[in-house]
Amino acid sequence: MTDADLRADFCVVGAGPAGLTLALLLLRSGAAVAVLERSRSLDREYRGEILQPGGSALLDALGVLQGARARGAHEHTGFEFADRGRVLLDADYRRLPGPYNHLLSLPQPHLLEELLKQCGEFDSFTYLPGCRVGELLRDDHGAVCGVVAGGGSRVVRARCVVGADGRYSKVRALAGLETRRQEAFEHDVLWFKLPATGQQPHQVRISRAGGNPVLVYRSFPDSVQVGWTLPHGGYRDVAERGIAYARGEIARAVPEYADLVAAHLTALSDMSLLDVFTQEAVDWAIDGLVLIGDAAHTHGPIGAQGINLAIQDAVVLHPVLMSALRARDAGTESLNRFVRKRRPAVHQVMRFQALQSKAMLSQHPVAARVRPRIAGLVSRTPLYRRILRHVAYGDPGIAVADELFVQR
């Protein structure tokens with residue numbers, strides 16, 4: 001051990017919603033936690049910012065929702081799907097029990113700032129921004145026992161390493177954990193922002209008018225997030241046709257934004273391409289290491305599940321890690337208690353997202369003909385209410401294990 005070495009109970013790689021939520025839970029339970037983040041600041045581009053009610057409820061139970069919201073957010077009354085101007089599905093979240101009967105557009109920096117602020121209140125917390133992990137440490141038995149970061153200048157030794165570093169996880173790659181990628185969505189998304197002017201809708205909306213569907217929602221402080229869906233690999237065709245073609249297609253799908261699109265979408269570089277895919281690590285845990293959030297399972301934007309699943313992962317993993325710490329056992333079998341709990345729920349979300357994608361985004365002529373009929377039938381059945389609750393809350397049995405928190 002050198003002067004640059006740091007010891008902690010847990011080393012969390014990635015300061016996103018999953019990593020910082022888990023860190024705060026562990027700190028409140030008396031553990032020493034080091035969080036490494038490759039970015040130097042939270043001022044970076046994010047796309048996922050829609051919180052489902054289940055995610056809001058967990059963050060509120062953790063005591064961070066109010067502070068994050070105070071930095072700025074927008075409530076949305078629900079989700080709307082319109083085809084050629086006709087509303088086929090109106091998922092009104094106000095039918096759900098309060099106080100979390102809405103979708104919340106919460107910029108990720110606002111959530112991360114609040115989580116980081118509360119983590120910083122603990123002397124047992126170490127935050128290392130701008131620190132890229134380059135190597136995993138292993139003990140004499142081959143178990144992961146820490147990381148080497150910062151080009152070798154920083155060593156963090158821990159009883160367990162948590163990979164919470166996103167869909168292109170370096171921790172996962174260093175551990176040699178294979179992934180299964182599924183092209184369940186058959187779409188990519190071009191994202192951009194427009195200024196919010198005049199009266200804006202209070203729903204998250206998907207609109208289609210014969211071309212590629214467009215996702216639209218109000219974002220804090222005064223902008224509109226727009227996601228234009230394309231077939232996988234379709235950006236090459238868009239690039240060849242140019243920005244005028246892109247503006248025309250987007251305006252055709254959301255004519256109410258045509259003037260704003262014409263004025264503010266001036267070059268293809270104004271949009272960022274998101275490669276949409278479903279991916280899952282074959283193994284989420286090995287001796288001394290566990291993956292959570294997008295590092296373990298990556299999802300598409302349909303249904304706004306990414307942040308919520310990340311938060312749920314952290315809440316479920318928290319008591320498993322504290323038990324492992326007490327038993328001094330962070331072996332694969334111990335950590336797989338978390339995997340056995342979360343994997344079925346994650347698979348269920350993956351299957352449902354694939355169905356949603358086919359139902360809403362498919363360009364197939366048969367889908368176009370039957371889509372209005374099926375949407376109308378489903379929306380009038382008890383099944384629809386059960387689906388809405390499932391999308392909104394996920395696993396209802398997940399709760400913050402605050403009985404593990406220690407008095408300060």
Can you find a pair of side-chain heavy atoms, one from Val282 and one from Leu177, that are under 4.5 Å apart? no

If I take atom OH from residue Tyr393 and atom CD1 from residue Ile398, how far apart are they, to the nearest 0.5 angstrom? 14.0 Å

Between Arg236 and Glu240, is the closest basic N to carboxylate O distance under 4.0 Å? no

Do the side-chain N and O atoms of Asp270 and Thr266 include a donor-acceptor pair separated by under 3.5 angstrom? yes

Are any of the side-chain heavy atoms of Leu265 and Leu260 separated by less than 4.5 Å? no

Backbone of Ala330 reached by a side-chain donor or acceptor of Ser334 within 3.5 Å: no

I'd like to know whether Asp287 forms a side-chain hydrogen bond (donor to acceptor under 3.5 Å, both in side chains) with Thr332, so could you lay out the CA-CA distance, the side-chain angles of the two residues, the decisive distance to 0.1 Å, and finally the verdict. CA-CA 5 Å; Asp287 289 347; Thr332 305; 2.6 Å; yes

Test item: Ser207 side-chain N/O and Ala253 main-chain N/O as donor-acceptor pair under 3.5 Å: no

Whether the side chain of Arg71 engages the backbone of Gly67 through a donor-acceptor N/O pair (distance < 3.5 Å, no angle test) should be reported. yes

Residues, nucleotides or ligands: over 12 heavy atoms within 6.0 Å of Arg38 CZ: no

In terms of ring plane angle, is the pair His110 and Phe220 parallel, tilted or perpendicular, where the classes change at 30° and 60°? perpendicular

Less than 4.5 Å apart, any side-chain heavy atom of Arg180 and any of Glu280? yes

Grab the two heavy atoms, one from Ala399 and one from Val315, that are nearest each other, plus how far apart they are. O-CG1, 3.3 Å

Heavy atoms, side chains only, cut-off 4.5 Å: are Arg28 and Cys119 in contact? no

Shortest non-hydrogen contact between Ala149 and Val133, atoms and distance: CB-CA, 3.9 Å

Here the gap from Leu111 atom CG to Glu49 atom CD, rounded to the nearest 0.5 Å, amounts to 11.0 Å

Taking the six-membered ring for Trp and the single ring otherwise, decide whether the centroids of Tyr217 and His74 are under 6.0 Å apart. no

Distance check, rounded to the nearest 0.5 Å: Leu325 atom CG versus Leu404 atom CG? 11.0 Å

Grab the two heavy atoms, one from Pro17 and one from Thr21, that are nearest each other, plus how far apart they are. O-OG1, 2.6 Å

Using side-chain heavy atoms (C-beta onward) and a distance below 4.5 Å, is Pro53 in contact with Tyr93? yes

Tightest non-hydrogen contact, residues Arg340 and Pro344, listed as O-CD, 3.3 Å

Which salt bridge (Lys or Arg N to Asp or Glu O under 4.0 Å) pairs, counting each pair once, include a residue from residues 159-173, with sequence neighbours left out? none

Side-chain donor or acceptor of Thr229 paired with backbone N/O of Pro213 under 3.5 Å: yes

CG of Asp259: more than 12 outside heavy atoms within 6.0 angstrom? no

Quick one: are Tyr127 and Glu37 in side-chain contact, heavy atoms under 4.5 Å? yes

Can you check whether Ser219's main-chain N or O pairs, donor with acceptor, with Ser105's side chain at less than 3.5 Å? no

Sequence neighbours excluded, the answer for side-chain contact (heavy atoms from CB on, under 4.5 Å) partners of Glu75 is Arg69, His102, Leu104

Check whether any side-chain heavy atom of His297 sits under 4.5 Å from a side-chain heavy atom of Arg343, and report yes or no. no

Checking the side chain of Gln118 only, and the main-chain atoms of Gly63 only, is there a donor and an acceptor separated by less than 3.5 Å? yes

For residues 130-151, the salt bridge (Lys or Arg N to Asp or Glu O under 4.0 Å) pairs (sequence neighbours left out) are none

Here the gap from Arg157 atom CZ to Asp9 atom CG, rounded to the nearest 0.5 Å, amounts to 15.0 Å

Main-chain N/O of Val320 paired with Ser323 side-chain donor or acceptor, under 3.5 Å: no

